[in-house]
Amino acid sequence: MPPRVRIAPSPTGDPHVGTAYIALFNYAFARRHGGKFVLRIEDTDQQRYTEGSEHAILESLRWLGLSWDEGPDVGGEHGPYRQSERLELYREHVAPLVASGKAYRCFCTRERLDALRKEQMAAKARLGYDGHCRSLDPQQAEARVQAGEAYVVRLHVPEGKTVVTDRLRGDVEFANEQIDDQVLVKSDGFPTYHLANVVDDHCMGITHVIRGEEWLSSTPKHVLLYEAFGWEQPQWIHLGLLRNADKSKLSKRKNPVSIIHYRSLGYLPATFLNFLATLGFSMGDDRERFSLQEMIDAFEWSKVSVGGPVFDPVKLDAFNADDIRALPLPELQAQIAEHVLGSDRIAALLALSHERIERLDDFIPYVSFFFGGVVDYSTVLPKLKIKRTLAEAAKILATFVDEIERDPQGRAFTPQSLEAFSRAFCERHEWKARDLFTLLRVGAAGRTAAPPLFDTLALVGKDRFRMRIRDFIGVLKTQPKPAKG
RNA sequence: GGCCCCAUAGUCUAGCGGUUAGGACGCUGGGUUCUCAUCCCAGAAACCCGGGUUCGAUUCCCGGUGGGGUCACCA
């Protein structure tokens with residue numbers, strides 16, 4: 001039976017390189033064995049749902065050339081492919097679980113749960129639900145539901161132990177005392193990941209669950225769910241997690257993680273994929289530069305390593321430079337015309353530079369900072385005039401990039417949303433707009449003079465902005481004398 | 001902290017009981033070149049520690065250490 005695998009991103013932000021990494025392995029495995037690669041959107045979190053995220057994810061994966069056989073846009077026999085459109089299915093499946101006592105309703109309030117956790121932390125006890133509502137009389141529970149009381153549905157974890165058989169790691173044992181009575185249905189009626197994921201994987205005929213190691217410790221819950229439903233488990237495969245240079249899980253705090261960033265800086269998709277592949281897969285010989293097709297042809301689990309690799313952008317650059325060099329000039333020119341000097345982008349740059357250039361030929365040097373990676377701060381730094389110390393400046397910028405990502409408005413990164421967020425930010429932190437805006441301008445542009453700040457930031461782009469500010473903070477911190485003025 | 005995963009140069013990896021421990025990026029030196037880049041040559045750089053098993057452990061087993069993940073009505 002040919003395998004069916006899936007990638008199941010959740011539309012909660014920018015498309016992550018980790019998603020691309022996992023998608024690549026799913027894709028290669030499916031293609032190797034003539035199976036199907038399914039794309040499913042896991043949008044069960046109403047709070048974190050981000051407008052436009054799904055589209056960006058699809059577009060990013062498409063850019064990389066990882067095409068799916070079934071998905072929200074192309075359809076398929078096992079649709080719909082958005083979990084928010086499958087709510088009825090989850091409801092149907094949970095009912096018998098509750099009826100048979102394999103799951104139960106829980107009426108505990110957030111307050112009680114918080115208090116419980118505090119107690120457990122103080123007592124250094126195991127964190128987790130204490131089973132308070134486990135033995136509630138079903139009749140009574142039903143009555144409370146009818147009375148309109150809020151509740152969740154939890155999995156009743158039985159005694160014993162649960163074994164996860166992982167293709168890469170062998171048998172992994174968990175004592176069931178360690179497994180929490182996981183919430184399956186939230187009080188808003190939406191399923192949690194755990195429920196939706198298991199139900200969908202089964203109903204979609206997924207044979208191999210290939211995902212990141214972060215899921216390994218919740219896999220016993222999934223195994224238990226398969227058992228509760230009486231279904232056959234898929235094969236589990238947990239890949240190592242991509243890391244930052246300090247070995248922590250790859251994060252935007254420390255690395256550009258948006259696929260869009262790599263696309264907009266001009267990495268070639270095939271090169272990017274090749275680089276990702278080398279992070280966890282090896283050909284077996286000394287070949288490191290190979291195509292997606294070559295990877296597919298050679299794909300075997302014995303060639304996949306399980307340690308979490310550091311995502312090293314320096315090596316990516318080397319690969320990319322190599323491939324650009326290999327490009328015939330006409331091809332290079334076409335690529336640049338399309339991806340660097342697209343007419344939409346030129347039009348946007350023109351709008352901002354129109355009134356600021358004196359000769360036509362000034363255009364390119366004037367807008368040069370909208371292109372490329374980090375900029376050189378050495379010449380602007382002496383001209384930086386703010387009524388704060390550089391240490392304060394570094395600190396506020398770090399806070400800024402941190403907060404902007406958590407703010408729905410800031411995250412949208414349009415001129416309007418940026419301005420609204422930035423002004424509110426100044427008030428909140430008691431900074432003069434003038435000082436903060438100067439820092440943002442210099443950090444993002446490497447210049448003290450630029451087009452209107454928020455238009456500029458929006459056009460520089462979120463990822464490039466974040467990358468430069470991070471670099472700028474580093475520069476500020478290493479400046480010897482605190483310039484006041 | 002509990003549970004779980006992982007462990008070859010700075011980084012990504014090959015190795016699957018006996019190897020001068022291989023390749024790639026980066027780094028250093030040299031050559032080609034008007035400069036730079038490319039290209040070529042050379043070099044420094046690794047088996048986490050301690051016990052076993054074995055004639056022999058980087059490789060198998062156990063323990064420790066280190067790193068990571070996870071402990072949500074997020075995925």
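A note on names: the letters A, B, ... follow the listed sequences, proteins ahead of strands, and every chain is numbered from 1.
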- Tell me whether the guanidinium CZ or amine NZ of A:Arg447 lies under 6.0 angstrom from the six-membered ring centre of A:Tyr366 and within 45° of its axis.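 Checked: cation-pi criterion met.
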
inquiry  = Check for me whether A:Arg105 meets the cation-pi criterion with A:Tyr151, that is, NZ or CZ under 6.0 Å from the six-membered ring centre and within 45 degrees of the ring axis.
reply    =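 Yes.
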
Are a donor atom and an acceptor atom from the side chains of [X] and [Y] found within less than 3.5 Å of each other?
| X | Y | result |
| --- | --- | --- |
| A:Asp200 | A:Gln83 | yes |
| A:Thr219 | A:Arg211 | yes |
| A:Arg289 | A:Asn274 | yes |

Looking across every strand, which nucleic acid part, if any, lies under 4.0 Å from [X] by heavy atom: base, sugar-phosphate, or nothing?
| X | value |
| --- | --- |
| A:Gln47 | nothing |
| A:Glu42 | sugar-phosphate |
| A:Ser282 | sugar-phosphate |
| A:Tyr193 | base |
| A:Val314 | sugar-phosphate |
| A:Arg48 | base |

Output the rounded distance in Å from [atom1] ([X]) to [atom2] ([N]).
| X | N | atom1 | atom2 | result |
| --- | --- | --- | --- | --- |
| A:Phe174 | B:C4 | CZ | P | 7 Å |
| A:Tyr129 | B:C3 | OH | C1' | 21 Å |
| A:Asn176 | B:C3 | CG | C1' | 12 Å |
| A:Arg117 | B:C73 | CZ | C1' | 11 Å |
| A:Glu149 | B:C73 | CD | P | 17 Å |
| A:Leu316 | B:G26 | CG | P | 12 Å |
| A:Lys118 | B:C71 | NZ | P | 20 Å |
| A:Asp322 | B:A37 | CG | P | 15 Å |

My understanding is that a pair needs two contacts under 3.5 Å, Watson-Crick or G-U wobble. By that rule, which nucleotide pairs with [N]?
| N | answer |
| --- | --- |
| B:U58 | none |
| B:A7 | B:U65 |
| B:U70 | B:G2 |
| B:A42 | B:U28 |

Q. Do other residues, nucleotides or ligands put more than 12 heavy atoms under 6.0 Å from A:His55 NE2?
A.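 Atom NE2 in A:His55 is not packed in, count stays at 12 or less.
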
_Can you tell me if A:Gln46 has over 12 outside heavy atoms packed within less than 6.0 Å of its CD?_
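Yes - once you tally the heavy atoms of other residues, nucleotides and ligands closer than 6.0 Å, there are more than 12.
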
N/O (side chain, [X]) to phosphate O (OP1/OP2, [N]) under 4.0 Å:
| X | N | answer |
| --- | --- | --- |
| A:Lys186 | B:A75 | yes |
| A:Arg289 | B:A24 | no |
| A:Arg287 | B:A14 | no |
| A:Lys247 | B:G69 | no |
| A:Thr44 | B:A75 | yes |

[M] and [N], which share atom name [atom1], separated by this distance in whole Å:
| N | M | atom1 | value |
| --- | --- | --- | --- |
| B:U19 | B:C62 | P | 25 Å |
| B:G63 | B:A24 | C1' | 35 Å |
| B:U65 | B:U32 | C1' | 50 Å |
| B:C71 | B:C61 | C1' | 30 Å |
| B:G23 | B:A14 | C1' | 7 Å |
| B:G30 | B:G56 | C1' | 42 Å |
| B:U11 | B:G29 | C1' | 22 Å |
| B:C16 | B:C36 | P | 44 Å |

What residues from [range] pass a heavy-atom cutoff of under 4.0 Å to RNA chain B?
| range | answer |
| --- | --- |
| residues 196-205 of chain A | none |
| residues 209-225 of chain A | A:Glu213, A:Glu214, A:Trp215, A:Leu216, A:Ser217 |
| residues 98-109 of chain A | A:Cys108 |

Got A:Cys133 and A:Tyr129 here, is their nearest side-chain heavy-atom distance under 4.5 Å?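 Of all side-chain heavy-atom pairs linking A:Tyr129 with A:Cys133, at least one is under 4.5 Å.
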
Taking the basic N atoms (NZ, or NE/NH1/NH2) and the acidic carboxylate oxygens, is any pair closer than 4.0 Å for [X] and [Y]?
| X | Y | result |
| --- | --- | --- |
| A:Asp471 | A:Arg468 | no |
| A:Lys221 | A:Asp180 | no |
| A:Asp402 | A:Arg406 | yes |
| A:Asp201 | A:Arg40 | yes |

Picking from [options], which would you name as closest to the side chain of [X]?
| X | options | answer |
| --- | --- | --- |
| A:Val306 | B:C6, B:G23, B:C73 | B:C6 |
| A:Leu241 | B:A14, B:G69, B:C74 | B:G69 |
| A:Lys315 | B:C39, B:C12, B:C73 | B:C12 |
| A:Leu279 | B:G26, B:A75, B:C12 | B:C12 |
| A:Thr192 | B:G10, B:C74, B:G26 | B:C74 |

Exercise. Atom OG of A:Ser60 and atom CZ of A:Phe272: how far apart are they, to the nearest 0.5 Å?
Worked result: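 So the OG of A:Ser60 and the CZ of A:Phe272 are separated by 9.5 Å.
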
Going by modelled atom types, is there a donor-acceptor pair between the base of B:G2 and the side chain of A:Gln178 at under 3.5 Å?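 It does not, because no donor-acceptor pair links the side chain of A:Gln178 to the base of B:G2 below 3.5 Å.
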
- Task: Kindly determine whether A:Met467 and A:Leu265 satisfy side-chain contact (heavy atoms from CB on, under 4.5 Å), including the steps that lead there.
- Result: CA-CA 11 Å; A:Met467 181 170 73; A:Leu265 282 193; 4.0 Å; yes

Practice task
For salt bridge (Lys or Arg N to Asp or Glu O under 4.0 Å), just list the numbers for A:Glu227 and A:Lys102, CA-CA rounded to whole Å, side-chain angles, deciding distance to a tenth of an Å, and then say yes or no.
Solution key: CA-CA 10 Å; A:Glu227 285 173 359; A:Lys102 286 173 176 157; over 6 Å; no

(message) Pick the closest RNA chain B nucleotide for A:Lys249 and for A:Thr278 by heavy atoms, then say which residue is nearer the 5' end.
(response)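 Per heavy-atom nearest nucleotide, the more 5' residue is A:Thr278.
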
Residue closer to the 5' end of RNA chain B, A:Ala150 versus A:Phe311 (nearest nucleotide):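 Nearest-nucleotide comparison on RNA chain B picks A:Phe311.
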
Under 3.5 Å: donor-acceptor pair, side chain of A:Lys118, backbone of A:Leu113
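Flag not set: sc A:Lys118 to bb A:Leu113 has no pair under 3.5 Å.
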
